[in-house]
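The next block holds one structure in the form of C-alpha cells; read it before the comments.
Throughout, protein chains are lettered first and strands after them, A, B, ... in sequence-line order, and every chain is numbered starting at 1. The basis for the numbers below is simple: all heavy atoms, side chains too, and nothing from hydrogens, waters or symmetry mates.
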Number of protein chains: 2
Amino acid sequence: MIDNAKTTSSIKQAAEFTGLTEDTIRYYEKIGLLPYADRTASGRRAYSKRRLEGMVFLTRLKSTGMSLEEIKHFQKLYEQGETSLAQRVSILVEHKNKIENEIGRLLETQRIINYKIDNYNEVLVNPDINNTACDPIE
Amino acid sequence: MIDNAKTTSSIKQAAEFTGLTEDTIRYYEKIGLLPYADRTASGRRAYSKRRLEGMVFLTRLKSTGMSLEEIKHFQKLYEQGETSLAQRVSILVEHKNKIENEIGRLLETQRIINYKIDNYNEVLVNPDINNTACDPIE
DNA sequence: GTACAACTTGGAGCACACTCCAGGTCAAGA
DNA sequence: TCTTGACCTGGAGTGTGCTCCAAGTTGTAC
C-alpha cells in the first residue's frame, strides 16, 4: 500500500499554524464562527490546508478589529453560496474602509507621541526646561 | 464684581469634549486612571482645559491599543514627578513601536482584502469563473 | 417654594472573547 | 496489556472595560 502524503492536520497543528489556541479553535467552532470541522473515524478534527488558510484569514479579520459576531455573519453568508456574493463584497469594502480610518488614527497618534518623546528628551537633557508637553496625558 | 470667564467644565462638557461617557469618566477616576478631579464647593467635578486635553491624549493611548492598566501605570509615574521621566519616555517609545507594528499589520491585511475584493468583482461580472479567492476566509 | 434636571456615591450587572476543567475516548509505544 | 498523552464534549469561570441603577444632593427656572 502506498504511503499517501498526509493531507490533513490535527487541532494541535492547526493551532500552531494559525497562532490560535486549541481551546479557541474549538470555541470558534462551537459558536458557529468556524464551520463544523471534518473528523477522523475516531472523531478527531482533521483540517485541510485550505481550511487552515481560511482560519488564518479569519484571524486577520479579528486582529484588524472585526468582531466575532461580524466574522460569523460573513462565514454564514459564505455558506449560503453565491447569492450572497455582493453582500460579502460590501462587507469587505466596509472593513477595508474601517482599516483605512484606523491607519489614519494610528499615524496621527504616532505623530503626537513622537512630538512628546522629543519634548521629554529635551527635558532629560536640560531638566530646567519643565516642558508642559511632558504632562501625563495632554 | 467682575464676571470672570468660566475656566472649568462640568463632567457633561468633559464627556462631549473627549467622546467618553460621563460614566466612563467617573469609572476611570474610580480605578485611578484619572487623578481625583477637582470639585466645586458643592462636590461636582470641575475640569480645567489642561485636564480635558489630558483626557483626550489618554483616549488616544486607549484607542491605539494601550490597556487601562498600562495607562494607569503611566499616570502613576507622572504623579511620582520627574524621577520617572526616563521611564515614561521608554513607555512612549515602546508604544510608538507597537503602533508601527500595528500599522504594518493593517496595511498587509488591507492588501489581502483588496486582492479578495478584486477577485469577488471578477466573479460578479463573470459568475462562471468560480474563483477560489472568494472563499470565506482564506 | 416647587419642580425638574444635573449631578453625586457605591455597588451590581453585562458583553465580549476567551480559558479552564471534569470526565471520558482513543492511539501508539514499551 | 499497560501507560501516556492527545484528543473529545459540555459547561463553568475569568478578565477587561464598561454600563446601569438606586438613593441622595444641588442648581435653576418658573
Pair A:Arg88, A:Tyr78: side-chain N/O donor-acceptor within cut-off below 3.5 Å: no
Contact under 4.0 Å: B:Tyr28 side-chain N or O vs D:dC18 OP1/OP2: yes
B/S/- contact track for nucleotides 7-15 of chain D, protein heavy atom under 4.0 Å: SSBBB----
Rounded distance (Å) that lies between atom P of D:dT16 and atom CG of B:Leu33: 14 Å
Stacked cation flag A:Lys116 on B:Phe57, 6.0 angstrom / 45 deg: yes
No-hydrogen, no-angle side-chain donor-acceptor test under 3.5 Å, A:Ser63 and B:Arg105: yes
B:Ser84 side chain vs B:Gln80 backbone, donor-acceptor pair below 3.5 Å: no
Spacing between B:Glu70 atom CD and D:dT16 atom P, to the nearest angstrom: 11 Å
Check: B:Lys72 side chain, B:Ile31 main-chain N or O, donor-acceptor pair, under 3.5 Å: yes
side-chain hydrogen bond (donor to acceptor under 3.5 Å, both in side chains) evaluation trace for B:Glu70 with B:Ser67: CA-CA 5 Å; B:Glu70 289 170 305; B:Ser67 72; 3.2 Å; yes
Selection residues 34-44 of chain B - residue pairs positive for salt bridge (Lys or Arg N to Asp or Glu O under 4.0 Å), sequence neighbours left out: B:Glu29-B:Arg39
5' to 3' contact window, DNA chain C with chain B (heavy-atom distance under 4.0 Å): C:dA6 to C:dG11
Side chain B:Thr24, main chain B:Leu20, donor-acceptor under 3.5 Å: no
